[in-house]
Chemist: 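Sharing a structure with you now.
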Amino acid sequence: MSRLAAKFEELSKSGRKALIPFLTAGDPHPNFTVPMMHAMVEAGVDIIELGVPFSDPMADGPVIQKASERALAHKMSLRKVLNIVAEFRRKDDQTPVVLMGYLNPIEAMGYEDFANAAQRVEIDGVLTVDLPPEEADFCVSLLKERSIDPVFLLAPNSNEERIRKMDAAGSGYIYYVSLKGVTGAGHLNTADVKERLKLIRANTQLPIGIGFGVKDAETAKTVAHLGDGVVVGSALISKIEANLDNPEQACSEIVDLLKAMRAAMDE
C-alpha cells in the first residue's frame, strides 16, 4: 500500500479529513522550502503538494504564477526540487509528498530518468496538470512500476466517462477542481460541489481532494464535510508574497492559518 493510500485509510478510520497544503518549491528562496515543509507537518497537515516552478503555469492564478517567477529567479529546476524532497526526507519519512507541475520539465529531464529520481527521493505522487489520462499511459506505467501514484485533476464539468478514465489511470486520490478558472479565483458554490461529488463517487473509489477555492478555516471546514481532503494553495502563497522581506513572518502566518484550518476541520 502506498503512503498516500495508507494516509487516507488512517484518516478514514479516525473520521478525519486530509489537510493538503500546496507550496511552490524555491519560493521565496530555496532555503525556505524544507523548513516550511517541516513546519507544515508540525501544524497538522497530512500530505504536502510541492509545486515545480514553470514559466507558463496555465492553470495557476496570479499568486502562484508570481511564486513560480520568484523561484525561477533563483534558478529552481525539477532536479533541484527533487533535491529539496531528498533533504526533507532526512527528517521525515512518513509524510506523503506529491509533486505538482507541468509536463515540459519532466519531458526535458526524460520520463524514465524522472521516474527513477522520484523513486530515489521517495516521492509519493505526481500530479501533472497538462497531462490528461488519455495521453498518460507511458508516464503512468513508469510511475506505478515504482509505486508512485499518478494523481489527476478533475474539472467541474467532467462527465462520467472521464471520471472513469481518471479512476482507471490514477491512484492515491483525485484532485477535484471545485470551480471553473485558475487557482485562487472565485468563490466556492458548496451546493454545486456537493451535487458533483455524488456523480464522482458513483464512478470512483479513490479519495477526493478538493481545491481551487479554499481560503480560510471556514471554507476548509465546509469542504472537509464534502470530500476526503482539503487542498489549500493561493491562501498560503499570498502570505509569502506579503512578507518577502520577512520569511519568518510568512512561515508564522502560514502555520497559524493551517492550525486554524486543522482545528476547524476536526470539529
Side-chain angles (χ1 to χ4, degrees), residues 3-4 20-41 45 47-131 139 142-143 146-151 172 175 183 231 233-234 236-241 243-248 250-251 254:
R3 255 191 298 235
L4 281 170
I20 311 172
F22 170 90
L23 180 67
T24 301
D27 175 43
H29 189 279
N31 293 338
F32 177 84
T33 306
V34 172
M36 187 71 254
M37 291 171 74
H38 288 305
M40 286 175 162
V41 175
V45 311
I47 297 161
I48 296 174
E49 286 186 356
L50 189 61
V52 179
F54 184 54
S55 56
D56 188 22
M58 65 187 78
D60 296 316
V63 172
I64 295 179
Q65 282 185 20
K66 289 176 184 175
S68 278
E69 290 171 6
R70 291 192 294 268
L72 290 171
H74 290 291
K75 310 298 182 185
M76 186 55 55
S77 66
L78 177 54
R79 290 187 188 276
K80 290 181 180 178
V81 175
L82 292 168
N83 290 339
I84 282 174
V85 179
E87 184 181 346
F88 173 74
R89 284 284 177 237
R90 290 183 194 131
K91 293 183 179 179
D92 188 327
D93 62 356
Q94 298 296 315
T95 305
V97 175
V98 176
L99 287 192
M100 185 172 182
Y102 295 83
L103 189 61
N104 186 273
I106 295 174
E107 195 168 73
M109 182 173 177
Y111 292 104
E112 194 156 358
D113 284 350
F114 166 72
N116 288 335
Q119 182 184 35
R120 281 196 300 273
V121 302
E122 298 183 51
I123 295 292
D124 298 286
V126 175
L127 197 169
T128 311
V129 175
D130 52 348
L131 181 64
C139 194
L142 287 173
L143 294 175
R146 291 158 178 79
S147 300
I148 299 171
D149 289 315
V151 180
Y175 185 140
T183 56
V231 185
S234 295
L236 304 180
I237 304 299
S238 65
K239 305 292 187 187
I240 295 173
E241 186 175 25
N243 294 282
L244 292 177
D245 296 327
N246 192 347
E248 290 183 3
C251 180
I254 288 171

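Note that the coordinates shown come from a computational prediction; the quantities given were computed from them, not determined experimentally. The chain is numbered in sequence order, starting from 1.
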Chemist: Work out which heavy atom in A250 is nearest to a heavy atom in I240; give both atom names and the distance.
Modeler: CB-CA, 3.9 Å
Chemist: Over all heavy atoms of both residues, which pair between T33 and T24 is shortest? Give the atoms and the distance, please.
Modeler: OG1-O, 4.3 Å
Chemist: Could you work out, with side chain to side chain contact (heavy atoms under 4.5 Å, CB included) as the rule, every residue matching D130, not counting sequence neighbours?
Modeler: M58, Y102, L103, T128
Chemist: Can R146 and E112 be counted as an ion pair, charged N to O under 4.0 angstrom?
Modeler: yes
Chemist: For V81, enumerate each residue passing the side chain to side chain contact (heavy atoms under 4.5 Å, CB included) test, keeping only those at least two apart in sequence or located in another chain.
Modeler: A25, L50, V52, P53, M76, L99
Chemist: Using the side-chain contact (heavy atoms from CB on, under 4.5 Å) rule, take V34 and R90 through it: C-alpha gap first, then chi angles, then the decisive distance, then the call.
Modeler: CA-CA 10 Å; V34 172; R90 290 183 194 131; over 6 Å; no
Chemist: Are R89 and D124 ion-paired here, with the side-chain N under 4.0 Å from a carboxylate O?
Modeler: yes
Chemist: Can you list, pair by pair, the side-chain donor-acceptor contacts under 3.5 Å of residues 104-111, counting residues two or more places apart and other chains?
Modeler:
residue, atom, partner, partner atom, Å
E107, OE2, Y111, OH, 3.1

Chemist: Search all heavy atoms of K91 against all heavy atoms of H38 and return the closest pair with its distance.
Modeler: CB-CE1, 3.6 Å
Chemist: Mind checking the CD1-CE spacing from I84 to M37? Nearest 0.5 Å is all I need.
Modeler: 8.0 Å
Chemist: With N31, which residues qualify under side chain to side chain donor-acceptor pair (under 3.5 Å), at least two apart?
Modeler: none
Chemist: Taking all non-hydrogen atoms of both residues into account, name the closest pair between P21 and L236 and its distance.
Modeler: CB-CD1, 3.5 Å
Chemist: Walk me through it: do I48 and V41 pass the test side-chain contact (heavy atoms from CB on, under 4.5 Å)?
Modeler: CA-CA 8 Å; I48 296 174; V41 175; 4.0 Å; yes
Chemist: Any side-chain heavy-atom pair from E122 and V85 closer than 4.5 angstrom?
Modeler: no
Chemist: Name all residues meeting the side chain to side chain contact (heavy atoms under 4.5 Å, CB included) criterion together with P150; count only those two or more places apart in sequence or in a different chain, and write none if there are none.
Modeler: V140, L143, K144, F152, S171
Chemist: Roughly how far, to the nearest 0.5 Å, is CD of E49 from CG of L127?
Modeler: 6.0 Å
Chemist: So, for I148 and A118, which heavy atoms are closest and what is the spacing to 0.1 Å?
Modeler: CD1-CB, 3.7 Å
Chemist: Not counting sequence neighbours, which residues clear side chain to side chain contact (heavy atoms under 4.5 Å, CB included) with H74? List them please.
Modeler: H29, P30
Chemist: For side-chain contact (heavy atoms from CB on, under 4.5 Å), just list the numbers for R70 and I237, CA-CA rounded to whole Å, side-chain angles, deciding distance to a tenth of an Å, and then say yes or no.
Modeler: CA-CA 12 Å; R70 291 192 294 268; I237 304 299; 4.0 Å; yes
Chemist: Taking the side chain as every heavy atom from C-beta outward, state whether V129 and F54 have any atom pair closer than 4.5 Å.
Modeler: no
Chemist: Walk me through it: do Y175 and I20 pass the test side-chain contact (heavy atoms from CB on, under 4.5 Å)?
Modeler: CA-CA 11 Å; Y175 185 140; I20 311 172; over 6 Å; no
